[in-house]
Amino acid sequence: MTKTLLITGASTGIGAATARAASTAGWNVALLARSEDKLETLAGEIGDAALALPCDVTDRDAVNEAVAKTVDHFGGLDGVFANAGKGVDNPGVENGDPAEWHDMIHLNILAVLYTAHATLPHLRKTKGMFVVTGSKAGRDHMKGSIYGATKWFVHGFAGNLAEEMREWGGRCTVISPGMVDTPFFDEGKPTKLQPEDIADAVVFALGQRDTSCVREIHLMPND
């Protein structure tokens with residue numbers, strides 16, 4: 001039976017690349033993001049193995065509804081890639097913008113928690129896997145970085161969740177990239193990591209045998 005992967009932040013960048021890579025590897029993919037047009041285009045490209053679910057993942061009810069639609073459409077859930085995230089335009093603490101922090105924390109932290117809370121009962125049934133996008137910024141101390149602090153949370157949460165999931169045979173992996181050439185940046189970064197590099201790491205983690213849990217994959221640009 002074909003396995004199903006739910007991806008947040010699926011419309012562009014790492015999420016879209018992972019949707020393509022996972023579908024090529026034989027997975028059904030449920031695509032969650034706010035951009036309906038981009039999701040529909042991606043789903044059309046992938047075909048019947050894709051389900052577009054326009055959704056604001058900071059809205060807990062919307063996440064619950066999208067998960068229910070995924071399970072109803074594909075018959076179950078075997079993997080989750082909690083990838084949605086954002087940074088801020090005004091770096092630092094003293095000169096930062098608390099309104100930007102509010103929105104970023106809701107997406108980078110609370111949306112990950114909402115996604116985990118909604119999907120774990122389904123992953124338990126399949127002994128499935130939860131993958132989350134961390135960052136090099138979640139491993140290093142960076143001057144005044146609130147974004148980095150949110151990713152420190154993600155790394156800590158992923159380890160804690162892995163310990164919870166292992167009680168019933170589930171697994172959790174955090175993907176920790178350095179700079180990736182995505183719309184996160186205003187200018188292209190062609191010599192840095194590409195979204196496809198991260199997508200390959202996600203598919204690698206998902207493809208491990210039941211006896212192995214890859215807890216973290218840390219990737220850096222090779223330039």
Side-chain angles (χ1 to χ4, degrees), residues 3-19 21-22 27 29-33 55-58 60 63-64 66-67 70 77-87 104-124 126-140 145-166 168 170-178 180 182 184 193 195 197-208 212-220:
K3 293 185 176 182
T4 297
L5 175 68
L6 181 145
I7 303 170
T8 71
S11 60
T12 61
I14 293 169
T18 301
W27 289 71
V29 287
L31 311 173
L32 278 63
C55 173
D56 179 355
V57 292
T58 65
R60 188 156 55 97
V63 172
N64 289 336
V67 171
T70 298
L77 187 62
D78 304 274
V80 174
F81 182 31
N83 166 68
K86 65 183 297 183
M104 178 176 64
I105 288 169
H106 274 72
L107 184 59
N108 292 10
I109 293 179
L110 284 175
V112 171
L113 296 178
Y114 295 161
T115 302
H117 187 261
T119 58
L120 281 174
H122 302 286
L123 294 178
R124 178 187 283 268
T126 59
K127 295 185 178 180
M129 187 165 186
F130 192 91
V131 183
V132 60
T133 301
S135 174
K136 178 181 183 292
R139 304 167 102 247
D140 300 338
S145 177
I146 308 300
Y147 169 80
T150 68
K151 292 302 183 179
W152 275 81
F153 175 91
V154 166
H155 280 246
F157 171 68
N160 294 350
L161 183 60
E163 290 299 318
E164 180 176 336
M165 293 178 69
R166 73 185 298 194
W168 41 264
R171 294 172 287 178
C172 180
T173 299
V174 60
I175 308 293
S176 167
V180 184
T182 72
F184 185 92
L193 289 165
D197 297 324
I198 315 308
D200 287 347
V202 175
V203 172
F204 173 80
L206 291 170
Q208 294 301 297
S212 170
C213 175
V214 177
R215 291 290 184 94
E216 180 180 1
I217 299 179
H218 182 53
L219 304 92
M220 287 294 292

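- Contact annotation: the side chain of Thr58 never approaches that of Leu110 to less than 4.5 Å [non-hydrogen atoms, C-beta and beyond].
- Residues Gly9 and Ala84 share a closest heavy-atom pair of N-CB, 3.7 Å.
- By the 4.5 Å heavy-atom criterion applied to side chains, Leu77 and Thr126 are not counted as neighbours.
- Listed for the Ser212 side chain is no donor-acceptor partner under 3.5 Å among the backbone atoms of Gln208.
- Put simply, CG on Leu161 and CZ on Arg166 are 12.5 Å apart, with the number rounded to the nearest 0.5 Å.
- For the pair Ile14/Phe81, a side-chain contact is recorded, criterion being any heavy-atom separation below 4.5 Å from C-beta on.
- Of all the heavy atoms in Ala19 and Val29, the pair that sits closest is O-CG1, 3.9 Å.
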From CA spacing to verdict: side-chain contact (heavy atoms from CB on, under 4.5 Å), Val214, Phe204 | CA-CA 9 Å; Val214 177; Phe204 173 80; 4.1 Å; yes

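- The 12-atom threshold is exceeded at CZ of Phe153, counting heavy atoms of other residues, nucleotides or ligands nearer than 6.0 Å.
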Worked verdict on Leu123 versus Met129 for side-chain contact (heavy atoms from CB on, under 4.5 Å) = CA-CA 7 Å; Leu123 294 178; Met129 187 165 186; over 6 Å; no

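- Across every non-hydrogen atom of Met165 and Cys172, the tightest pair is SD-CB, 4.0 Å.
- The closest side-chain heavy-atom distance from Tyr114 to Asn64 is not below 4.5 Å.
- Of the possible polar contacts, one joining the Trp152 side chain to the Ala137 backbone as a donor-acceptor pair under 3.5 Å is found.
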Go through the steps for Leu5 and Asp78 under the test side-chain contact (heavy atoms from CB on, under 4.5 Å), then give the verdict.
-> CA-CA 6 Å; Leu5 175 68; Asp78 304 274; over 6 Å; no

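- Proximity of a side-chain donor or acceptor of Thr150 to a complementary backbone N or O of Asn108 within less than 3.5 Å is not detected.
- For the pair Leu120 and Trp168, the minimum side-chain heavy-atom distance is below 4.5 Å.
- Rounded to the nearest 0.5 Å, atoms CG (Leu6) and CG (Asn83) are 11.5 Å apart.
- The heavy-atom pair separating Thr115 from Ala82 by the smallest distance is CG2-CB, 4.4 Å.
- The two residues Ala158 and Val174 come nearest to each other via the heavy atoms CB-CB, 3.7 Å.
- Residues Pro177 and Leu193 share a closest heavy-atom pair of CB-CD1, 4.0 Å.
- A 6.0 Å sphere centred on NE2 of His117 holds no more than 12 heavy atoms belonging to other residues, nucleotides or ligands.
- Taken from OH in Tyr147 to NZ in Lys86, the straight-line distance is 12.0 Å, to the nearest 0.5 Å.
- Considering only heavy atoms from C-beta on, Thr182 stays 4.5 Å or farther from Thr12 through its side chain.
- Taken to the nearest 0.5 Å, the OG atom of Ser176 stands 7.5 Å off from the CG atom of Leu219.
- Looking at Phe157 and Leu113, their side chains come closer than 4.5 Å, going by heavy atoms from C-beta outward.
- Side-chain contact between Ile198 and Ile175: present, with at least one pair of heavy atoms (C-beta onward) separated by less than 4.5 Å.
- Looking only at distances, no side-chain donor or acceptor of Thr173 sits under 3.5 Å from a matching main-chain atom of Val131.
- Between Glu164 and Arg124, no side-chain nitrogen of the basic residue sits less than 4.0 Å from a carboxylate oxygen of the acidic one, so the salt-bridge criterion is not met.
- A distance of 6.5 Å separates OG in Ser135 from NZ in Lys151, rounded to the nearest 0.5 Å.
- Distance check, rounded to the nearest 0.5 Å: CZ of Arg171 to CZ of Arg215 gives 11.0 Å.
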